[in-house]
Amino acid sequence: MTLVPEAQLQTYVLNLTRDAFAHLPAESFRVEKHFTLRFGHNLHDHDGTLYWEAQGRADLLVFHQERPLALFELKREDMVLKEQDFQQGQSYTAALFPRPPLIIVSNGKDTWVRQTDDGAELPKDADAEVIEKIFANVGKLAAANNSWAIEVLMGPETHVWAEAVRLRTEELVERQSGDPSDLRKPFARGILFQRRTTAAVAARLEAGARAIIIEGPPLAGKSNVLRDFAVSTRRSRDWAMLMVNGATASTGLFQRLANVLGQALEWKLSADDVRTWLRRMSHSTRSPALVLVVDGLRSGSAVAQDFEELAESGFGPGLRLVGATDRAGDILRDTTGRGETALAAIAEVVTVEPLDDGEFIALTDQLGERRILFYPGAELAAEYRRPWLLRAVLANGASPERQDVVSFIPATMGLALVHAARARFKDYVEVARDHRLLARDALNDDEVPDAALALASANAFVIRRDTLSAGGESAAVRLEAQGWITFYRRPAGEDVIGFRVPDLFISELAFELSALIDKAIAEKPEDAWRHPRAAR
């Protein structure tokens, strides 16, 4: 049977349905290739013929007197019917509302007609009265079979889970997106930093990489790489990406996924449910594969330990792991620092670098569409290759409201970054004051930073929490609660502070540094340049 045109598929299914229900009026049936799947509060329009040419199967919805009667799983004639074909139908009915009471599986020669909940065969002489009883019972049975629904919907033989995890990733990205002026949000809505690192991750997954660690200092753009990958794979037949934020996770990966999927599907899931599902999923040979992504993977965290458990227990090609972290070595070495973790044996490392020429040109093209232009020479400015600083620039140069107005960005930032920050945050008096207290304590820190901390500070600003005064610690707590800074612990156990809006910190640091220089000049001008703190 070679029926590529969709209209022919629908006609063919309609004829098979009429044969299966010979006791019912032929005109009471109709077939639809599009139907809506429900994942928690989310609705997804599904094309039932999507996999016909690639996999030789189609799922269509059969209506009887305008009520959904059956989910029809159609296979090519050269394909033998299998139990997993029925399970495939079950997976879709679990996400349909109202739920059809029957599943029909056919290859044109053999046809199964079974009840959705228990798989019992429908009598071949089923009449209208039998069908009405099935309609009446399906809702009651569905409510009593929540555990069955979890098993079927999240089964490795199905594709329903893929849309659920993609929707969840979209929701996470949307929550972390804001206006370009809101620098506390990692993503600028409407502006996508397209990175070559994304292509490198995709290429390594295509080549069979089982785990990938994306590394780069704070604010290097790791999260934007993950966002770029999520956007590029949204309609992929090969990958379904589920992203979770590991930076703030106090629970392990399995429990976190149970919370995420439970909320998305409106089911109660346990960590063991998810652990079992991931292992089963990993050995599925059907596309798409699940790409489990953790943004903010930290050594020693509960999430990292679950990553390690997956690596130790082994998993198949249907599951891939991607983690973003400041230093890959911290994740791939054991607690002694000498041996390697199980994850190290399967992981490949991709480093996020500053924007290269091609990436910068792609960004300028995007900004040009918003009537934001760089002055000539900006392509030579190293500072414009850092995503966080570009966000700060964009926060001050939002698209003009008038169509005949263009916004220009200087060829080099210089003190313009400080002036822009002060103009943008002039009404944030208390927030600026708290940043000033942190800047003052940072300048009073006489300890020479180790290489890792120096590298992190070179990209943006990271300061040691142990150096804070009582006033600085109180300020830090207030800023963290409001989302301006983040606390985290380095692998060596040192507690540090990272700034979500570095240009505001730079502005306050400049105030403090200016005061130190003025004081040094007033005391002994000829030696002012020797002042250890002013020299910073």
Side-chain angles (χ1 to χ4, degrees), residues 176 183-187 193 195-198 200-201 211-229 243-250 253 292-308 311 321-335 337 340-341 343-344 347-355 385-391 442 447-467 476 480 483-502 505:
Q176 294 183 324
L183 296 182
R184 287 176 292 176
K185 299 285 189 179
F187 308 131
F193 287 82
R195 308 301 306 272
R196 296 192 193 280
T197 307
T198 307
V201 170
I212 295 175
I213 301 298
I214 302 172
E215 73 167 359
L219 299 176
K222 300 183 294 294
S223 296
N224 275 282
V225 169
L226 299 181
R227 177 199 184 193
D228 191 10
F229 185 71
M243 182 165 66
V244 297
N245 189 345
T248 58
S250 58
L253 178 64
L292 182 55
V293 176
V294 176
D295 189 14
L297 187 63
R298 292 180 181 167
S299 175
S301 67
V303 172
Q305 291 170 8
D306 284 350
F307 243 48
E308 181 71 2
L321 304 180
V322 176
T325 187
D326 294 347
R327 287 165 51 88
D330 299 335
I331 301 297
L332 303 181
R333 286 194 296 268
D334 62 20
T335 53
E340 290 187 337
T341 62
L343 186 61
E348 300 181 20
V349 178
V350 177
T351 303
V352 179
E353 305 285 355
L355 272 68
R385 303 306 177 95
R386 301 187 184 281
W388 76 263
L389 194 143
L390 284 167
R391 277 295 306 278
E447 182 171 319
V448 177
D450 62 27
L453 185 59
L455 177 63
S457 296
N459 183 71
F461 281 94
V462 177
I463 63 176
R464 299 187 311 115
R465 194 169 179 181
D466 286 345
T467 197
E480 194 274 337
W484 293 95
I485 66 173
T486 180
F487 297 142
Y488 65 95
R489 174 163 291 186
R490 298 179 58 236
E494 188 174 35
D495 295 311
V496 295
I497 293 172
F499 292 88
R500 298 187 186 276
V501 188
F505 177 71

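The analysis underlying the following values was restricted to heavy atoms, covering all of them including side chains, and did not include hydrogens, waters or symmetry mates.
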- Start with the C-alpha distance between L297 and I213, add both sets of side-chain angles, then the distance that settles side-chain contact (heavy atoms from CB on, under 4.5 Å), and finish with yes or no. CA-CA 9 Å; L297 187 63; I213 301 298; 4.2 Å; yes

- What pair of heavy atoms forms the shortest contact from F487 to R298, and how long is it? O-NH1, 3.9 Å

- Note on the structure: Output for pair (I485 CD1, F505 CZ), nearest 0.5 Å, gives 10.0 Å

- How about L390 and L355: do any of their side-chain heavy atoms sit closer than 4.5 Å? yes

- Task: Heavy atoms only: give me the nearest A220-G216 pair and the separation to one decimal.
- Result: CB-C, 4.2 Å

- Message: Please report the interatomic distance OG1(T197) to CD(E215), rounded to the nearest 0.5 Å.
- Response: 11.0 Å

- Residues D326 and K222 bridged, charged N to O under 4.0 Å: yes

- Message: Measuring from atom CZ of F499 to atom CD1 of I463, what distance do you get when rounded to the nearest 0.5 angstrom?
- Response: 4.0 Å

- Message: Can a donor-acceptor pair be found, under 3.5 Å and without considering hydrogens, that links the side chain of T198 to the backbone of D228?
- Response: no

- By side-chain contact (heavy atoms from CB on, under 4.5 Å), Q176 pairs with (sequence neighbours left out) L172, P186, F187, N245

- Between the OG1 atom in T341 and the CZ atom in F307, the distance rounded to the nearest 0.5 Å is 11.5 Å

- Task: Could you pull out all residues at least two apart from A311 that satisfy side-chain contact (heavy atoms from CB on, under 4.5 Å)?
- Result: A342, L343, I346

- By salt bridge (Lys or Arg N to Asp or Glu O under 4.0 Å) - contacts of D306 (at least two apart): none

- Query: Under 3.5 Å, side chain of Q305 to main-chain N/O of G300, donor-acceptor pair present?
  - Reply: yes

- For the atom pair CG (L332) and CD (E308), what is the distance rounded to the nearest 0.5 Å? 9.0 Å

- Item | V322 and its side-chain contact (heavy atoms from CB on, under 4.5 Å) partner, picked from L226, V225, V294 | L226

- R195 side chain to E353 backbone, donor-acceptor under 3.5 Å: yes

- Message: I'd like to know if the side chain of T467 reaches the main chain of R464, judged simply by a donor and an acceptor atom lying under 3.5 Å from each other, with no hydrogens or angles considered.
- Response: no

- Message: Strictly distance-based, threshold 3.5 Å: is any side-chain N or O of T325 a donor or acceptor partner for the main-chain N or O of A328?
- Response: no

- Is any side-chain heavy atom of V501 closer than 4.5 Å to a side-chain heavy atom of W484? yes

